[in-house]
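Before any comments, here is the structure.
All ligand and atom numbering here is 1-based and tracks the order in the structure. Atoms considered below: every heavy atom in the structure, side chains included; atoms not considered: hydrogens, waters and symmetry mates. The structure presented is a predicted model; accordingly, all values stated were derived computationally and were not measured.
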Amino acid sequence: MPYYHIWTIGCQMNKADSEQLATSLERLGYKPAQDIEKADLIVLNSCVVRQSAENRVIGKLESLKKLKKRSPKMIVALAGCMVDSEVAGLRHRFPHVDLFLKPAQFANLLDIAKTQSPTAHTRFTVSRPAPTAFVTIIEGCDNFCSYCIVPYRRGREKSRPISEIRCQVENLVERGVKEVTLLGQNVDSYGHELPDKPDLADLLTEMNTIKRLARIRFLTSHPKDMSQKLIEAVASLDKVCEHISLPVQAGDNDILQAMRRGYTAQYFRELIERIRRAIPNVAIATDVIVGFPGETQEQFQKTLDLLSDLRLDTVHVAAYSPRQDTLAAKKFKDDISLPEKSRRLQTIEELQSRIASEINAQLQGQTVEVLVDGKKKGKWYGRTRTDKLVFFESNARCLGQLINVEIKRTSPWSLQGLSKT
Ligand code: SAM
Ligand code: SF4
């Protein structure tokens, strides 16, 4: 039996690609290796959205050199956004890597894997997956935000037909999945290049009819593309969770323009208001970049003001990192010092920790529905429809179940409770 090991960093799209690859390998008779040294096939699914992620991939690649020397038959593949169209440079830097695969393009690897597996022609059943799964609905991105490398590495937008997505989700449900997250770098532009031009609201309406599927999420939305029709679909479809991921990136209009985001801070504020009016109890997550070239203290303050006024549930904050080939890297000097970027990042984190602790404290004493993902240190854990992480104790077997939990304690990051069933 051949063994595989997949190491993944980066966004949910990468995680979805890795899940998909693992399923394909298991169908060929591969088993996951508990110990990387025992693997016949190692895949690093990389991310280069920021320099810090790229550095981790490089560290991991370096650490595999010895292993490959010891076991030259082992196949090492580098996949994901680190792989550009031009791989000669990578081949030169990392001669111990056998294969370079662009994001989500695993065909060559699977061809080789077939030859490695003596039982490749037998149809294997794949182990029961987790109760939640990611499903990519649109690849690539057409937006070219000035700081972002994604469109250069993942290419232009390409949506999958509704029928194909439905088939995949039904398959997952058959294997025990209760919740799917529909993924794309910009899910709101789903379908625009498909023959009948379906949109995300149409797709959600279709997914909502799948029996035994309990929950549907989608991410990431783009403020400039989020339609009223979509907001109303989320409000009216019972399986679609009250959870929206809507990156704002900055609170100052000049910075937003330099980022090429296509909206103003005022537009974003009004959009949040419309969403909250239509979907009571909605949880909203956002992303923010601090230290974009030229960002003054006043401009940064506008981001802080926006976040403290809107009081969103989650804020993912990142320090600007210049990325090769992007418009911002070519046009602007990375002129905010590292300590200043860290200070701004920490200021936002402190503000958000206060806001999240106040929002979560309101859940004290309430009963929430949790889809149980696993068990850690004797406690079951899972997420609410609003994506809050909940830990609770129960002697029952709860994995994959929807459990009502009464919240006893709250913190900015998670909730603790007691099962009511
Ligand atoms: N498509 C989504 C959007 O419109 O924001 C998110 C995709 S991006 C891969 C994920 C997050 O990484 C972004 O929201 C942004 O905050 C961050 N990011 C992207 N490029 C960055 C850069 N050059 N420096 C710092 N953070 C960056
Ligand atoms: Fe990058 Fe902007 Fe596309 Fe998001 S929308 S992936 S930030 S280019």
Handout entry: From CA spacing to verdict: salt bridge (Lys or Arg N to Asp or Glu O under 4.0 Å), Asp84, Arg153
Key = CA-CA 6 Å; Asp84 201 355; Arg153 298 295 163 94; 3.7 Å; yes
Problem - Evaluation steps, side-chain hydrogen bond (donor to acceptor under 3.5 Å, both in side chains), between Lys15 and Asn45 - result: CA-CA 8 Å; Lys15 289 179 193 150; Asn45 202 355; over 6 Å; no
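Atoms of ligand 1 lying under 4.0 Å from any heavy atom of Arg323, numbered from 1 in the order shown and given with element: 23 (N). Near Ala318, the atoms of ligand 1 lying under 4.0 angstrom from a non-hydrogen atom of the residue are 26 (N). Interface atoms of ligand 1 facing Tyr320, defined by a heavy-atom separation under 4.0 Å, are 24 (N), 25 (C). Numbered from 1 in the order shown, with element, the atoms of ligand 2 that lie under 4.0 Å from a heavy atom of Pro151 read 8 (S). Using a 4.0 Å cut-off to heavy atoms of Pro247, the atoms of ligand 1 that qualify are 3 (C), 5 (O). Near His222, meaning under 4.0 Å from one of its heavy atoms, ligand 2 places the atoms 5 (S). Heavy-atom contacts of Arg261 reach the following atoms of ligand 2: 2 (Fe), 7 (S) (cutoff under 4.0 Å).
Taking the charged nitrogens against the carboxylate oxygens, Asp202 and Lys229 do have a contact shorter than 4.0 Å, which makes a salt bridge. Between Lys239 and Glu179 there is no salt bridge, since none of the side-chain N atoms of the basic residue sits less than 4.0 Å from a carboxylate O of the acidic one. Residues Glu273 and Arg277 are paired through a salt bridge, judged by an N-O separation under 4.0 Å between the basic side chain and the carboxylate. Remark: Glu350 does not engage Arg354 in a salt bridge, criterion side-chain N to carboxylate O under 4.0 Å.
At a cut-off of 3.5 Å, with distance as the only test, no side-chain donor of Tyr190 or Glu157 sits close to an acceptor on the other residue. Side-chain contact check for Glu232 and Gln228: at least one donor-acceptor pair (N or O, by modelled atom type) lies under 3.5 Å. At a cut-off of 3.5 Å, with distance as the only test, a side-chain donor of Ser221 or Asp188 sits close to an acceptor on the other residue.
Put simply, part of Val150 is less than 4.0 Å from ligand 1, judged by heavy atoms. By the 4.0 Å heavy-atom criterion, Gln249 is excluded from the residues contacting ligand 2.
Checking only distances, Ser221 never comes within under 3.5 Å of ligand 1, N or O to N or O. When only interatomic distances are considered, the shortest N/O to N/O separation between Gln185 and ligand 1 falls below 3.5 Å. Of the N or O atoms in His222, none lie within a sub-3.5 Å distance of an N or O in ligand 1.
Of the heavy atoms in Val49, both backbone and side-chain atoms come closer than 4.0 Å to ligand 1. Contact annotation: for Gln249 versus ligand 1, heavy atoms closer than 4.0 Å belong to the side chain alone. Proximity of Ala319 to ligand 1, defined as any heavy-atom pair under 4.0 Å, is confined to the backbone N, CA, C and O atoms. When non-hydrogen atoms are compared, ligand 2 lies under 4.0 Å from the backbone of Phe144 (N, CA, C, O) but not from its side chain.
Ranking the protein heavy atoms by distance from atom 24 (N) of ligand 1 puts Ser321 N, 3.0 Å first. Of all protein heavy atoms, the one closest to atom 12 (O) of ligand 1 is Arg50 NH1, 3.4 Å. Regarding atom 7 (S) of ligand 2, its nearest protein heavy-atom neighbour is Tyr147 OH, 3.4 Å. With respect to atom 4 (O) of ligand 1, the closest heavy atom belonging to the protein is Arg261 NH1, 3.1 Å. Nearest to atom 5 (S) of ligand 2 among the protein's heavy atoms is Asn143 ND2, 3.3 Å. Here the protein heavy atom with the shortest distance to atom 20 (N) of ligand 1 is Tyr147 CD1, 3.3 Å. Nearest protein heavy-atom neighbour of atom 10 (C) of ligand 1: Asp287 OD2, 4.0 Å. Atom 4 (Fe) of ligand 2 has its closest protein heavy atom at Gln185 O, 4.2 Å.
The side-chain contact (heavy atoms from CB on, under 4.5 Å) test with Val282 singles out one residue from Arg276, Arg385, His243, and that residue is Arg276. Shown are Arg50, Arg260, Arg261; of these, the side chain to side chain donor-acceptor pair (under 3.5 Å) with Tyr147 is made only by Arg261.
Considering NZ of Lys379 and SG of Cys398, their distance stands at 14.0 Å, rounded to 0.5 Å.
Ring geometry, Tyr263 versus Tyr267: the interplanar angle falls from 30° to 60°, so the pair is classed tilted. Using cut-offs of 30° and 60° on the angle between ring planes, the pair Tyr320 and Phe292 is perpendicular.
Environment of NZ in Lys66: sparse, with no more than 12 heavy atoms of neighbouring residues, nucleotides or ligands closer than 6.0 Å.
Between the choices Cys145, Cys141, Cys148, the shortest heavy-atom distance to atom 1 (Fe) of ligand 2 belongs to Cys148.
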